[in-house]
Amino acid sequence: MQRKRYAPGRTGATARTGSTARTGSTARTALGLALGLGLGAGLVGCSSGTPSEDVTVDAKAGLASPVAPPGRYRTLFEPCGAVPQAVLKEMLPGAAALPDPERDRAYRGTAAVTYDTDRRVGCSWRADTPEASRRLSLDIERVVSYDTAVSDDARAQEVYVRKQLAAGVPLPPTAPPGTTGTPTAGSSQPGTPAAPGGAAAVDAPATTPATTPPAAPPPTGPASGGPTTSGAPSSTGLESRVLEGLGDVAYLDDVLGGSGASSRQRSVSVVFRTSNVIVTVSYREEATGLAGAPDSRELQEGARKVARLLADRLEE
């Protein structure tokens, strides 16, 4: 009788145990792959969100809001070197007669004392003659908004509007870009913005002096349409007014000191805004001899010339 050769193998319970082990190993491998794919997808989803610099997140409400854009200017130029000496010679005629050291000092100017020259700078020049004393000064301010919802330009426009209203120059009937005011109920022009700080916008007829007939139409902003000031008749076109073609917005303020024809001091200021920078050019003359009231036209032309030079400098 021939015996069959025995071949070792797993049968019965032993075979079932091996099959179960292989099945468990396969399940663990599939579970690991699924977890890995899910984690990778989560990371990709997190990295594809909106960049943090484009929005701000309210920690309490969990809502995202857009950040207002910064202003165009981050620094300011040196003001005492911004006005050419040839222009200073025209505006300060008394400096030509000074001894050399004093003349050089007069043309060099005196820098204003500020605590941050990236935020505010200024300079002034002065020269005297036996008949009059003249002074030119610059004030340049870079406005920064610390509210992420308000742009630097919008904040600068608010500062500019306050200056214009304080000077008594009416706002134009159509609000310039960047104005944040709202129309007033009694205003004849729906686009006239309200003054910052909650003050109502000044209606043009209310700022017209008593010498102007009440029935005259309100000023609309051209060079000859602003309110009159003492010593500058409206017929000459030299009254305080809104200026065009200078920066984003601009105005001129002409003030004759004292009252009547005996006044002996006149101050002309040109204020303009370019983006988030506000520039003020002041040109003043005070008669010290027998001369009459300073000439308004000459002072205005000088102040506007310097303002134009500074506006061009900001565009460089």
Side-chain angles (χ1 to χ4, degrees), residues 70-95 98-129 132-146 152-153 155-167 196-197 246-247 249-255 257 265-286 288 294 299 302-316:
R72 175 180 176 183
Y73 302 100
R74 301 296 182 92
T75 59
L76 297 173
F77 55 81
E78 198 283 313
C80 291
V83 182
Q85 190 172 115
V87 176
L88 292 174
K89 288 181 179 180
E90 296 177 4
M91 303 183 68
L92 305 172
L98 297 175
D100 291 345
E102 295 182 22
R103 183 173 63 250
D104 293 342
R105 185 164 53 252
Y107 290 149
R108 191 181 307 120
T110 302
V113 178
T114 60
Y115 296 100
D116 186 352
T117 55
D118 284 336
R119 291 291 304 276
R120 193 163 199 162
V121 294
C123 191
S124 61
W125 299 261
R126 178 169 181 164
D128 301 332
T129 66
S133 172
R134 288 195 180 185
R135 185 175 187 269
L136 171 67
S137 63
L138 310 178
D139 179 77
I140 307 170
E141 178 183 4
R142 183 176 68 91
V143 180
V144 177
S145 173
Y146 293 102
D152 293 345
D153 287 19
R155 187 69 73 201
Q157 177 65 16
E158 294 176 3
V159 175
Y160 170 86
V161 167
R162 286 197 294 269
K163 288 177 177 287
Q164 182 171 339
L165 293 176
L246 181 64
V249 284
Y251 71 87
L252 181 147
D253 184 26
D254 189 324
V255 178
Q265 176 177 312
R266 183 182 295 278
S267 178
V268 173
S269 298
V270 174
V271 182
F272 69 91
R273 176 184 70 83
T274 297
S275 185
N276 61 319
V277 170
I278 299 176
V279 178
T280 301
V281 178
S282 299
Y283 191 24
R284 186 180 68 188
E285 179 177 349
E286 182 177 359
T288 56
L299 294 179
R304 294 184 68 175
K305 177 185 289 187
V306 174
R308 170 54 58 192
L309 289 172
L310 299 179
D312 292 342
R313 178 67 180 269
L314 287 171
E315 293 298 327
E316 294 179 355

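All residue numbers refer to positions in the sequence shown, counting from 1.
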- Intermediate values then yes/no, side chain to side chain contact (heavy atoms under 4.5 Å, CB included), R284 and Q265: CA-CA 7 Å; R284 186 180 68 188; Q265 176 177 312; 3.8 Å; yes
- Task: Could you check Y160 against Y251 for ring-ring contact (aromatic ring centres under 6.0 Å, His included), going step by step and ending with a plain yes or no?
- Result: CA-CA 10 Å; Y160 170 86; Y251 71 87; 5.6 Å; yes
- Query: What's the verdict on side chain to side chain contact (heavy atoms under 4.5 Å, CB included) for L310 and F272, showing C-alpha distance, side-chain angles and the deciding distance?
  - Reply: CA-CA 10 Å; L310 299 179; F272 69 91; 4.3 Å; yes
- Query: Between I278 and I140, does a side chain to side chain contact (heavy atoms under 4.5 Å, CB included) hold up when you go through it step by step?
  - Reply: CA-CA 6 Å; I278 299 176; I140 307 170; over 6 Å; no
- Message: Using the rule given for side chain to side chain contact (heavy atoms under 4.5 Å, CB included), can you reason through D152 versus V143, listing the C-alpha separation, both sets of side-chain angles and the distance that settles it, and then say yes or no?
- Response: CA-CA 6 Å; D152 293 345; V143 180; 6.0 Å; no
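A donor-acceptor contact shorter than 3.5 Å is absent between the side chain of Q164 and the backbone of A166. At distances below 3.5 Å, not a single donor-acceptor pair connects side-chain atoms of Y107 with backbone N or O atoms of A86. In this structure, the side chain of W125 does not engage the main chain of L136 through any donor-acceptor pair within 3.5 Å. A donor-acceptor pair under 3.5 Å is absent between the side-chain atoms of N276 and the main chain of G71, judged by distance alone. Side chain of T114 to main chain of R120: a donor-acceptor pair is present (N/O by atom type, distance under 3.5 Å, no hydrogens or angles).
In this structure, the side chains of L138 and V279 stay at 4.5 Å or more apart for every pair of heavy atoms. A 4.5 Å side-chain heavy-atom check between V270 and L252 finds at least one atom pair inside the cut-off. Between R266 and E285 there is no side-chain heavy-atom pair separated by less than 4.5 Å. Using a 4.5 Å cut-off on side-chain heavy atoms (C-beta onward), L165 and R162 make no contact. Counting heavy atoms from C-beta outward, K305 and R308 have side chains that stay 4.5 Å or more apart. Between V268 and D253, every side-chain heavy-atom pair lies at or beyond the 4.5 Å cut-off.
For the residue pair Q157 and R273, a side-chain donor N or O sits within less than 3.5 Å of a side-chain acceptor on the partner. Of the N and O atoms on the side chains of D153 and S275, at least one donor lies less than 3.5 Å from an acceptor on the other residue. A side-chain N or O of R126 and one of S133 form a donor-acceptor pair less than 3.5 Å apart.
The minimum heavy-atom distance between T274 and G247, with the atom names listed, is OG1-CA, 3.5 Å. Of all heavy-atom pairs between L246 and A250, the closest is O-CB, 3.5 Å. Closest heavy-atom contact between R134 and L92: O-CD2, 3.8 Å. The two atoms that bring G122 and P79 nearest to each other are O-CG, 3.4 Å, heavy atoms only.
Taking the centre and axis of the six-membered ring of Y283, the NZ or CZ atom of R135 falls outside the cone set by 45° and 6.0 Å.
Between S145 atom OG and R155 atom CZ the span is 4.0 Å, to the nearest 0.5 Å. With values rounded to the nearest 0.5 angstrom, R304 atom CZ is found 13.5 Å from L299 atom CG. Put simply, CG on L314 and CZ on F77 are 5.0 Å apart, with the number rounded to the nearest 0.5 Å. Between the CG atom in L88 and the SG atom in C80 there is a gap of 10.0 Å [rounded to 0.5 Å]. Interatomic distance, Y73 OH to D118 CG, rounded to the nearest 0.5 Å: 15.0 Å. Annotation: the span from R119 atom CZ to R74 atom CZ amounts to 12.5 Å, rounded to 0.5 Å.
Of the charged side-chain nitrogens involved, none lies within less than 4.0 Å of a carboxylate oxygen, so that D104 and R108 do not count as a salt-bridged pair.
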